[in-house]
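Report on one structure; see the data block that follows.
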Amino acid sequence: NVAIDGGTGTRQVLGFVTTLVLYLVFWRLVRFGLGAAGLGLVPQELASTAISLAALPLLARAGFRVFGVRVHRGSGHAAAH
């Protein structure tokens with residue numbers, strides 16, 4: 001579970017959009033680096049996606065932190081609906 005604390009709804013949306021931009025930039029840089037290393041197109045795509053997904057928690061923390069919003073692990077207890 002993930003908990004998002006602080007900020008208004010607008011700041012949280014901006015944090016999400018910033019996280020998306022950071023993810024895409026990071027993905028492109030990793031793909032470029034793997035392409036320079038001589039990997040084929042399909043391995044580049046797969047490896048870039050896997051590495052970027054592994055880095056996503058750090059990218060999300062950075063993206064939300066820019067707008068004063070904190071992202072951290074939740075309590076692990078889902079609310080029953």
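Since we're looking at a predicted model, the values are computed, not measured. Atoms considered below: every heavy atom in the structure, side chains included; atoms not considered: hydrogens, waters and symmetry mates.
Taken together through direct or relayed side-chain contacts under 4.5 Å among Ile, Leu, Val, Met, Phe, Trp and Tyr, Leu24 and Leu22 form part of one hydrophobic cluster. There is no path of hydrophobic side-chain contacts, each under 4.5 Å, that joins Val13 to Val71. No continuous path of hydrophobic side-chain contacts links Leu14 to Leu56 [ILVMFWY only; heavy atoms under 4.5 Å].
Between Leu34 and Ser48, the closest side-chain pair of non-hydrogen atoms falls below 4.5 Å. For the pair Leu41/Arg31, a side-chain contact is recorded, criterion being any heavy-atom separation below 4.5 Å from C-beta on.
Taking each heavy atom of Arg61 and His72 in turn, the nearest pair found is NH2-CA, 4.5 Å.
Here the rule is side chain to side chain contact (heavy atoms under 4.5 Å, CB included) with Trp27, and of Leu53, Leu59, Thr49, Ile51 only Thr49 fits it.
Residue Phe67 places its CZ atom among more than 12 non-hydrogen atoms of other residues, nucleotides or ligands, all under 6.0 Å distant.
To the nearest 0.5 angstrom, Thr19 atom OG1 is 11.5 Å from Leu58 atom CG.
Between the side chain of Gln44 and the backbone N or O of Gly33 there is no donor-acceptor pair closer than 3.5 Å.
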